[in-house]
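This report refers to the structure that appears directly beneath it.
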Amino acid sequence: MKKKIIIDTDPAMGTKGGDPEDCFAIMMALNSPELDILGITTVQGNVPVERGYSNAAYLLNQFKRNIPLRSGPGHTFDKKRNEERIWLSKREEMEQLTPLLKPDASTENASTFIYETCKKNSGQVELVTIGPLTNIAIALNKYPDISKHIPKITMMAGAAKIPGNITPAAEFNVWADPEAADAVFTSGIPIVMVPLDVCHQTRMSREELISIGENPHPFCQFVKQAVDPWINIRSDLISDEGLHLYDSLAMASVISSDLLTYQSAYVRTETKGKYTSGETVCEFNQSILGKISNKKPNAEIALGIDIKKFNKLFKERVSGYLKSLKI
Ligand code: RIB
Ligand code: CA
């Protein structure tokens with residue numbers, strides 16, 4: 001039985017200099033017969049929301065897949081937070097490689113699409129979120145009964161026992177919209193959190209990225225054109241070992257259930273800290289107060305990874321697939 005999913009993403013492959021990683025995760029999903037992708041919703045994060053929507057549309061066109069695509073709004077869940085994160089919706093300096101599309105009233109309703117799809121298939125649709133959680137938080141706010149229709153959310157989000165990546169305290173997807181993340185963690189929906197703790201053990205080598213670019217197929221040339229600037233401008237992330245595959249790991253954990261091992265925790269998102277907003281505070285009931293309060297867990301946190309198994313799946317469904325493309 002195929003697993004029904006909706007992918008919520010901030011895809012930047014197609015916007016020069018944007019993090020290409022979501023699109024590798026989406027490619028993995030598109031190449032996975034275990035999944036039935038009911039829709040893709042785009043969210044502001046790596047790039048402004050209309051860029052992400054355009055990049056996702058281009059990818060679906062390249063894969064010749066007619067999957068419903070909806071855009072979220074160009075702002076954070078919390079209006080006040082939006083004042084500090086407004087730059088996420090601008091970024092006019094980024095060159096757009098894919099045709100820039102403008103979502104209209106029929107396609108900019110990500111939260112409604114998520115609700116209607118999950119309600120229609122109540123209890124059967126898993127959300128896989130690989131960007132900020134804005135769309136999910138809006139859906140929770142607009143449709144209070146949505147929680148009972150969603151059996152699980154698997155999210156690339158947060159950092160449990162290691163520092164953040166966008167700040168010492170916070171991982172980008174949570175930092176970009178902390179209030180949204182906390183709304184999801186307190187929604188009561190079963191959550192699987194795939195944090196930096198395991199994502200940082202994944203790497204797509206520079207050589208692998210370069211070898212994809214050696215395939216003259218137009219789509220491989222597009223990937224090379226999209227990824228090259230990221231390699232150059234983010235050498236701190238890429239270094240010589242390569243690009244972290246955050247979103248692909250979260251997606252792979254949905255495809256192959258024994259890829260990761262988990263520990264239960266009670267997770268809340270810091271939304272008041274001047275220096276720590278976006279921190280995912282994970283209580284494993286091992287702290288002094290945790291032992292006393294014995295908090296009921298609200299998430300399964302991935303802390304162990306079978307890296308060989310992940311690399312094999314990624315090679316099979318993404319890098320190997322790209323290299324196999326023939327003109
Ligand atoms: O912190 C990693 C996350 O931020 C990934 O989802 C990546 O795509 C970026 O959005
Ligand atoms: Ca992402």
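Counting starts at 1 for both ligands and their atoms, in listed order. Only this structure's heavy atoms are used, side chains among them; waters, hydrogens and symmetry mates stay out.
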Inset, instruction - Provide the number and element of each atom of ligand 1 under 4.0 Å from a heavy atom of F172. - result: 1 (O), 4 (O), 9 (C), 10 (O)
Inset, instruction - Could you tell me whether any N, O or S atom belonging to D10 is less than 3.0 Å from the Ca ion (ligand 2)? - result: yes
Legend entry - Polar side chain donor-acceptor pair, T15 to N55, under 3.5 angstrom: yes
Inset, instruction - Measure up the H244 and Y246 rings against each other and bin them: parallel (under 30°), tilted (30 to 60°), perpendicular (over 60°). - result: perpendicular
Legend entry - Pair K161 + D197: basic N to acidic O under 4.0 Å: no
Legend entry - N/O separation below 3.5 Å, N165 to ligand 1: yes
Inset, instruction - Kindly give the atom name of the N, O or S atom of D247 closest to the Ca ion (ligand 2). - result: OD2
Legend entry - N/O separation below 3.5 Å, D22 to ligand 1: yes
Inset, instruction - Tell me whether A12 has at least one N, O or S atom under 3.0 Å from the Ca ion (ligand 2). - result: no
Legend entry - Shortest non-hydrogen contact from I130 toward D247: O-OD1, 3.3 Å
Inset, instruction - Tell me whether E21 has at least one N, O or S atom under 3.0 Å from the Ca ion (ligand 2). - result: no
Legend entry - Contact summary for E300 and S264, nearest pair of heavy atoms: OE2-OG, 2.7 Å
Legend entry - Atoms of ligand 1, numbered as shown, that sit under 4.0 Å from any heavy atom of D19: 7 (C), 8 (O), 9 (C)
Inset, instruction - Tell me which protein heavy atom sits closest to atom 10 (O) of ligand 1, plus the residue, atom name and distance to 0.1 Å. - result: N46 OD1, 2.9 Å
Inset, instruction - From the options F63, F24, F314, select the one residue that forms a ring-ring contact (aromatic ring centres under 6.0 Å, His included) with Y321. - result: F63
Inset, instruction - Check ligand 1 against I130 and write out every atom of the ligand that is under 4.0 Å from a heavy-atom position of the residue. - result: 6 (O)
Inset, instruction - Just say parallel, tilted or perpendicular for the rings of W87 and W175, cut-offs at 30° and 60°. - result: tilted
Legend entry - V49 versus S71, closest heavy-atom pair with distance: CG2-OG, 3.5 Å
Legend entry - Nearest non-hydrogen protein atom, atom 6 (O) of ligand 1: D247 OD1, 2.6 Å
Legend entry - Ligand-residue contact atoms, ligand 1 with E171, heavy atoms, under 4.0 Å: 1 (O), 2 (C), 3 (C), 4 (O)
Legend entry - Side-chain donor or acceptor of D177 paired with backbone N/O of F77 under 3.5 Å: yes
Inset, instruction - May I ask you to check whether M156 has an N/O atom sitting below 3.5 Å from an N/O atom of ligand 1? - result: no
Inset, instruction - Taking only heavy atoms of D10 into account, list the atoms of ligand 1 that are under 4.0 Å away from them. - result: 10 (O)
Legend entry - Side chain to side chain, K3 and V254, heavy atoms closer than 4.5 Å: yes
Legend entry - Three-point angle I130:O, the Ca ion (ligand 2), D22:OD2, rounded to the nearest 10°: 80°
